[in-house]
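No experiment lies behind these values; they were computed from the predicted model shown.
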Amino acid sequence: MGITEQDERNARIDTGRPHPARVYDWWLGGKDNYPVDEELARRILAVDGTVVRGARANRRFMHRAVRTVAEAGIRQFLDIGTGIPTEPNLHQVAQATAPESRVVYADHDPIVLRHAEALLYGSPEGRTAYVHADVRDVDALLERAAETLDLTSPVALSLVALTHYLDADPAGDDVYGLVARYVDALAPGSYLILSQVTPDLNPEAIGKAAENFHRTGTPFHPRSLAEFARFFDGLELLGPGLIPVHGWRPEAEDVAAQAEGIVPVYAGVARKP
């Protein structure tokens with residue numbers, strides 16, 4: 001499965017307002033963003049000096065989590081809100097551990113669509129595909145993902161740095177309901193990989209960052225540890241549990257990064273029993 005004509009027709013880049021994936025790209029030093037994205041990224045960086053460290057810490061957490069579940073036997077991965085590709089991306093990490101791994105990326109930003117062809121080159125033994133779809137459209141996204149993945153077998157669902165862009169209002173996004181629908185659709189033995197911005201560790205800076213997001217019409221919903229924990233209801237947490245992102249099974253680079261200061265992001269990985 002590659003990029004369809006419908007994907008191309010649905011892709012319309014709105015350069016009049018910032019997009020989280022492109023803001024994130026600017027923080028990571030990428031070039032796939034527009035002045036409106038850079039403007040917001042700089043404003044948030046001015047009030048929250050942790051955001052660049054947080055973006056990098058999130059990527060490293062994804063790498064560690066993917067290796068962990070691949071070593072546990074997972075061979076299928078669904079990455080929603082994948083964002084603009086960076087090296088190494090999820091499929092490269094998974095297929096380095098298990099070359100036969102199948103990976104589906106899903107995002108609704110047209111910029112990501114333009115770069116998706118680069119994502120489709122994985123290992124000869126595995127398969128890598130891209131779905132142009134919104135996380136809110138659960139049925140359509142899973143239907144497209146099922147063209148590549150066998151949803152009757154375990155899958156690792158990656159929602160890294162996504163949920164803080166979705167609210168919890170049942171009349172709106174209902175982020176808890178969305179995550180639960182995805183988890184419910186997965187086979188027993190599947191995993192949830194998730195990270196989320198929190199106000200707990202730096203409330204003043206995160207409050208100012210949220211104000212800047214909201215001024216541009218971009219949703220942003222930091223969550224407390226108790227609120228973060230709700231995403232994992234009914235699942236079996238892997239050690240060390242729900243913890244600031246640097247501390248989740250850290251490697252040498254993460255230990256060194258902690259010396260720069262903690263970042264206000266929680267991370268967790270859990271298995272569906």
Side-chain angles (χ1 to χ4, degrees), residues 20-21 23-24 27-28 40-41 43-65 68 80-81 83 135 157-170 172-180 182-183 191-216 218-251 253-271:
V23 172
Y24 195 80
W27 285 332
L28 287 172
L40 177 57
R43 285 209 312 268
I44 293 172
L45 181 59
V47 297
D48 178 8
T50 71
V51 292
V52 172
R53 295 202 307 271
R56 293 171 180 169
N58 259 311
R59 296 297 299 181
R60 292 196 301 271
F61 161 67
M62 181 271 286
H63 296 164
R64 301 193 306 277
T68 295
I80 302 179
V135 62
L157 171 63
S158 173
L159 303 175
V160 173
L162 174 66
T163 53
H164 43 253
Y165 296 115
L166 300 167
D167 69 38
D169 183 356
D173 293 329
D174 184 18
V175 64
Y176 294 111
L178 282 172
V179 173
Y182 282 107
V183 171
Y191 286 83
L192 173 63
I193 299 170
L194 201 154
S195 65
Q196 155 83 50
V197 171
T198 179
D200 293 353
L201 307 175
N202 195 348
E204 183 178 358
I206 294 302
K208 290 178 179 178
E211 289 175 9
N212 277 282
F213 271 114
H214 294 157
R215 282 194 203 117
T216 66
T218 304
F220 189 67
H221 303 278
R223 293 187 169 90
S224 68
L225 182 58
E227 291 170 322
F228 181 59
R230 284 184 58 190
F231 290 118
F232 298 92
D233 285 352
L235 304 179
E236 300 171 345
L237 283 167
L238 274 61
L242 306 182
I243 192 169
V245 66
H246 274 141
W248 198 91
R249 303 193 179 189
E251 297 173 350
E253 187 176 3
D254 308 290
V255 173
Q258 285 185 11
E260 302 174 11
I262 200 166
V263 295
V265 178
Y266 285 132
V269 180
R271 181 179 180 275

- Task: Could you go through the side chain to side chain contact (heavy atoms under 4.5 Å, CB included) check for Gln196 and Val265 one step at a time?
- Result: CA-CA 5 Å; Gln196 155 83 50; Val265 178; 5.8 Å; no

- Message: What's the separation between atom NZ in Lys208 and atom CZ in Phe213, rounded to the nearest 0.5 Å?
- Response: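 Going from NZ on Lys208 over to CZ on Phe213, the span is 16.0 Å.
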
- In Å and rounded to the nearest 0.5 Å, what is the CG to CZ distance from Leu237 to Phe232? 6.0 Å

Does a side-chain heavy-atom distance below 4.5 Å link [X] with [Y]?
| X | Y | result |
| --- | --- | --- |
| Asp169 | Asp174 | no |
| Arg60 | Glu251 | no |
| Val179 | Leu192 | yes |
| Val47 | Asn212 | yes |
| Leu242 | Trp248 | no |
| Pro219 | Asp167 | no |
| Ile44 | Leu40 | yes |
| Leu238 | Tyr191 | yes |

- Quick one: do Arg56 and Leu28 satisfy side chain to side chain contact (heavy atoms under 4.5 Å, CB included)? Show the steps, please. CA-CA 7 Å; Arg56 293 171 180 169; Leu28 287 172; 3.9 Å; yes

Heavy-atom pair of closest approach, residues [X] and [Y]:
| X | Y | value |
| --- | --- | --- |
| Val23 | Ala41 | CG1-CB, 3.8 Å |
| Arg53 | Val263 | CB-CG1, 3.6 Å |
| Leu166 | Arg223 | O-NH2, 2.7 Å |
| Phe231 | Thr163 | CZ-CB, 3.8 Å |

Can you tell me if [X] uses its side chain to pair, donor with acceptor, with the backbone of [Y] under 3.5 Å?
| X | Y | answer |
| --- | --- | --- |
| Tyr266 | Ser224 | no |
| Asp200 | Leu225 | yes |
| Asp48 | Thr50 | yes |
| His214 | Phe220 | yes |

- Can Ser195 and Asn58 be said to form a side chain to side chain donor-acceptor pair (under 3.5 Å), step by step? CA-CA 7 Å; Ser195 65; Asn58 259 311; 2.5 Å; yes

- Query: Do Tyr182 and Leu159 pass the side chain to side chain contact (heavy atoms under 4.5 Å, CB included) test, and can you show the C-alpha distance, the side-chain angles, and the key distance before you say yes or no?
  - Reply: CA-CA 11 Å; Tyr182 282 107; Leu159 303 175; 5.7 Å; no

- Item | ring-ring contact (aromatic ring centres under 6.0 Å, His included) between His221 and Tyr165, worked out | CA-CA 6 Å; His221 303 278; Tyr165 296 115; 9.1 Å; no

- Query: Can you list the steps and then say if Arg249 with Phe61 is a side chain to side chain contact (heavy atoms under 4.5 Å, CB included)?
  - Reply: CA-CA 8 Å; Arg249 303 193 179 189; Phe61 161 67; over 6 Å; no

- Query: Quick one: do Asp254 and Arg64 make a salt bridge, cutoff under 4.0 Å?
  - Reply: yes

